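It should be emphasised that the depicted structure is a prediction, and the values quoted were computed from it without experimental measurement. In what follows, residues are counted from 1 in the order of the sequence shown.
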Amino acid sequence: MTTIRQMGRILLTMSVILIIMAIFISSEAKAASIPEYIKVGLRFGDNAASTYTLSSENGFVLGSITDEGFKETLPLPAYDTLIAIIEGNHIALRDKENVLISQDIGKNSCLLPLDYKENGLITFEGNKFRGGIILNTQSNNRIKAINYITMDEYLYGVLHKEMSQSYPMEALKAQAVAARSFAVESIGRHYNDGFDVCTTTDCQVYGGYEAEYPRTNQAVDETSGLIIWANGQPAPVFYFKNSGGHTQSIEDVWLSSNLPHLVGKKDPYSPDYSWIATITFNSFEQQLIQAGYDVGSIESVQVGGRNSAGAVSKLIIKGSKDTLILEKERIRTVLGPSLVRSRHFNIGEVYMGKNSIVFEIQLMLSNGSKTKNADQNINIISGDGKIKSIASESAYITNGKETVKAKTVESESKIDDSIVATGSEVTFSGMGYGHGVGMAQDGAIEMARQGYNFIEILKFYFTNIEVR
Ligand SMILES: [Zn+2]
């Protein structure tokens with residue numbers, strides 16, 4: 001039996017624990033902030049070269065990157081073009097007439113435009129960048145090139161690649177905050193490569209200065225310093241194109257457990273996005289082999305289960321050697337995420353879409369000897385010879401006594417898991433585009449059109465979050 005005194009002691013202990021936790025969380029929160037700079041790998045690994053051309057209208061300055069930021073070591077005001085080239089085990093600098101300027105620029109050296117404090121630009125291999133270019137040797141005797149840039153300058157080069165600059169400002173601002181959060185979470189993602197993020201969809205697509213637009217830069221500026229917080233911590237965030245009507249919980253996509261701010265919800269804002277795709281069993285077998293599965297010749301494909309959000313959670317592939325069950329997002333990874341655009345799909349040509357009521361008019365026309373199905377439109381000839389065309393769904397039929405509307409059949413979007421694809425190919429009919437976790441970009445655009453601001457948009461797609 002727990003006495004009242006014992007209860008009091010337990011409550012007291014619990015409140016002490018809560019206070020300690022609150023102190024812990026607030027000090028954690030203060031410790032975490034947005035890094036001022038980010039290192040973006042432009043050329044590395046097999047994509048690196050042994051020589052690069054850099055140019056800058058007003059000359060260069062060579063420096064090194066320290067914990068405190070950029071430190072100037074050698075101004076080079078007389079050069080508008082520099083060649084970085086591997087010579088021996090070092091990186092040498094030459095001018096455009098091939099005259100040697102430095103035989104070894106050293107490790108972690110960074111070239112900036114001389115006017116970098118006035119937002120000067122540097123051209124690297126024909127593309128303009130803000131910030132500087134760090135050059136390092138790498139194991140295959142080539143030069144690794146990294147764009148050293150402030151976080152918001154990096155986001156300038158990301159935003160339009162993620163959401164077109166033509167979309168409403170509040171949607172662009174929501175995307176800017178989400179992209180900044182993603183970047184903060186991505187710091188050190190390529191630690192082993194010597195930088196933070198790469199320029200492809202592996203991280204976020206980054207196009208440098210060439211990808212900037214006034215409206216996307218404005219969205220970055222107006223949200224500067226803001227990221228998404230969940231449970232007192234900077235939150236990992238995800239986004240994708242279109243939810244197909246319901247977003248996904250992260251545990252239903254990649255993880256075995258959930259994150260409370262990444263739970264699936266009904267999404268009335270993502271507009272209708274239906275798709276249909278067919279893959280032959282031969283191609284499917286090749287995709288499976290590339291992914292490390294050998295089921296032999298595919299005999300059938302069918303849906304084996306759905307999650308609570310209505311997305312396919314299991315795809316059963318029966319082959320001559322083995323039966324394989326692909327689960328969660330692995331289905332799209334193996335089949336190709338641009339072929340199977342989402343996991344809201346049916347096998348076969350069973351229409352799946354949003355708000356999709358199709359009227360099929362079953363109106364028969366007869367001249368007494370022959371009977372024919374009426375087309376979508378019916379031409380009526382009136383007594384004075386005028387011809388009028390009406391849509392067949394607005395046609396009425398009368399026998400002189402009673403009048404009824406022409407029969408219509410509603411064919412709504414439906415889930416049908418009874419279909420088994422056999423033969424030589426499988427067709428997927430689906431809705432939505434992307435993994436479904438976090439913010440639907442199409443939905444964010446629609447919310448902005450309906451007058452929601454960027455914080456309301458983010459708070460709809462991410463549960464129990466703060467934007468600060
Ligand atoms: Zn990457």
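- In this structure, Phe70 places its CZ atom where more than 12 heavy-atom neighbours from other residues, nucleotides or ligands lie under 6.0 Å away.
- Under the rule for a ring pair (Phe, Tyr, Trp, His ring centres under 6.0 Å), the partners of Tyr37 that lie at least two apart in sequence or sit in another chain are Tyr148.
- In this structure the side chain of Asn147 never reaches within 4.5 angstrom of the side chain of Phe124, judged on heavy atoms.
- Applying the ring pair (Phe, Tyr, Trp, His ring centres under 6.0 Å) rule to Tyr213 yields the partners His160; only residues at least two apart in sequence or on another chain are considered.
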Please list every donor-acceptor pair under 3.5 Å in which a side-chain atom of residues 444-453 meets a protein atom from a residue at least two apart or in another chain.
from   : atom 1 : to     : atom 2 : distance (Å)
Glu446 : OE2    : Gln450 : NE2    : 2.9
Tyr452 : OH     : Tyr269 : OH     : 3.2
Asn453 : OD1    : Ile455 : N      : 3.0
Asn453 : OD1    : Glu456 : N      : 2.9

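- Looking at Asp196, its side chain never comes within 3.5 Å of a backbone N or O of Val40 through a donor-acceptor pair.
- Looking at residues two or more places apart in sequence or on another chain, you find a ring pair (Phe, Tyr, Trp, His ring centres under 6.0 Å) between Phe240 and His435.
- In this view, Lys241 and Asp442 satisfy the salt bridge (Lys or Arg N to Asp or Glu O under 4.0 Å) rule, not counting sequence neighbours.
- Looking at heavy atoms from C-beta onward, Asn464 lies out of side-chain contact with His261 at the 4.5 angstrom threshold.
- Residues Leu335 and Phe284 form a side-chain contact, since some pair of their non-hydrogen atoms from C-beta on lies under 4.5 Å apart.
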Taking only distance into account, with no hydrogens and no angle test, what donor-acceptor pairs under 3.5 Å do side-chain atoms of residues 41-48 form with protein atoms, sequence neighbours excluded?
from  : atom 1 : to    : atom 2 : distance (Å)
Arg43 : NE     : Asn47 : O      : 2.6
Arg43 : NH2    : Asn47 : O      : 3.2

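- Across all their heavy atoms, Val301 and Phe281 have their closest contact at CG2-CE2, 3.8 Å.
- In this structure, His190 contributes its side chain and Lys39 its backbone to no donor-acceptor pair below 3.5 Å.
- Sorted by first and then second residue, the salt bridge (charged side-chain N to carboxylate O under 4.0 Å, His left out) pairs with a member in residues 155-184 read Asp152-Arg180, Glu170-Lys173, Lys173-Glu222; sequence neighbours excluded.
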### Task
Would you sort out whether Glu72 and Tyr116 count as a side chain to side chain donor-acceptor pair (under 3.5 Å), showing the intermediate values?
CA-CA 11 Å; Glu72 291 187 24; Tyr116 70 94; 3.0 Å; yes

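- With hydrogens and angles disregarded, no donor-acceptor distance shorter than 3.5 Å links the side chain of Arg189 to the backbone of Val197.
- Closest heavy-atom contact between Ser243 and Asp267: OG-OD2, 2.6 Å.
- The distance from atom CD of Glu36 to atom CD of Glu153, rounded to the nearest 0.5 Å, is 9.5 Å.
- With sequence neighbours excluded, the residues forming a side chain to side chain donor-acceptor pair (under 3.5 Å) with Glu251 are Asn258, listed by chain and number.
- Side chain of Glu125 to backbone of Thr53: a donor-acceptor contact under 3.5 angstrom is found.
- Residue Asn108 is tested with Ile134, Thr66, Ile146 for a side chain to side chain contact (heavy atoms under 4.5 Å, CB included); the sole match is Ile134.
- A distance-only check finds a donor-acceptor pair linking the side chain of Arg332 to the backbone of Pro337 [under 3.5 Å].
- Judged by distance alone, the side chain of Thr199 and the main-chain N or O of Tyr206 form no donor-acceptor pair under 3.5 Å.
- A salt bridge (charged side-chain N to carboxylate O under 4.0 Å, His left out) check over residues 126-139, counting only residues at least two apart or in different chains, returns the pairs Arg130-Glu212.
- Atoms OG and CG, on Ser342 and Asn242 in that order, are 8.5 Å from each other to the nearest 0.5 Å.
- A donor-acceptor contact shorter than 3.5 Å is absent between the side chain of Thr422 and the backbone of Ser300.
- Here the side chain of Glu299 pairs no donor or acceptor atom with the backbone of Lys318 at under 3.5 angstrom.
- The ring pair (Phe, Tyr, Trp, His ring centres under 6.0 Å) search around Phe238 returns Trp254, not counting sequence neighbours.
- Pairing each heavy atom of Leu62 with each of Leu111, the nearest pair is CD1-CD2, 3.6 Å.
- For residues 275-285, the side chain to side chain donor-acceptor pair (under 3.5 Å) pairs, not counting sequence neighbours, are Thr278-Thr427, Thr280-Ser283.
- Taking every heavy atom of both residues into account, Ser270 and Ala440 meet most closely at OG-CB, 3.3 Å.
- For Cys198 against Cys203, the heavy-atom pair with the smallest separation is N-SG, 3.5 Å.
- Remark: Leu288 CG to Leu326 CG distance equals 6.5 Å, nearest 0.5 Å.
- Crowding of Lys107 atom NZ: a count of heavy atoms from other residues, nucleotides or ligands under 6.0 Å not exceeding 12.
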### Message
Assess the residue pair Gln138 and Asn140 against the criterion (side chain to side chain donor-acceptor pair (under 3.5 Å)); give the C-alpha distance rounded to whole Å, side-chain angles, the decisive distance to 0.1 Å, and a yes or no.
### Response
CA-CA 6 Å; Gln138 62 171 41; Asn140 59 358; 2.8 Å; yes

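- Below 30°, between 30° and 60°, or above 60°: for Phe345 and Phe428 the angle between ring planes is above 60°, a perpendicular geometry.
- Residues Glu185 and Val237 fail the side-chain proximity criterion, which asks for heavy atoms closer than 4.5 Å.
- In this structure the side chain of Phe60 reaches within 4.5 angstrom of the side chain of Ile122, judged on heavy atoms.
- Evaluation of the side chain to side chain donor-acceptor pair (under 3.5 Å) rule for Gln204 yields Tyr239 as partners, not counting sequence neighbours.
- A distance-only check finds no donor-acceptor pair linking the side chain of Asn346 to the backbone of Gly348 [under 3.5 Å].
- Here Leu159 contributes atom CG and Thr223 contributes atom OG1; the two are 8.0 Å apart, rounded to the nearest 0.5 Å.
- Once rounded to the nearest 0.5 Å, the distance linking CG of Leu172 with CD of Gln441 reads 10.5 Å.
- Within the 4.5 Å cutoff, the side chain of Leu114 has no heavy atoms near those of the Ser56 side chain.
- Residues Asp322 and Asp294 form no side-chain contact, since every pair of their non-hydrogen atoms from C-beta on lies 4.5 Å or further apart.
- Heavy-atom minimum distance, Asp252 versus Arg343: O-NH2, 2.9 Å.
- Between Asp417 and Gln302, the closest side-chain pair of non-hydrogen atoms is not below 4.5 Å.
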### Task
Evaluate the side chain to side chain contact (heavy atoms under 4.5 Å, CB included) criterion for residues Cys110 and Leu112: first the C-alpha distance (whole Å), next the side-chain angles of each, then the deciding distance (0.1 Å), finally the verdict.
CA-CA 6 Å; Cys110 184; Leu112 272 89; 3.4 Å; yes

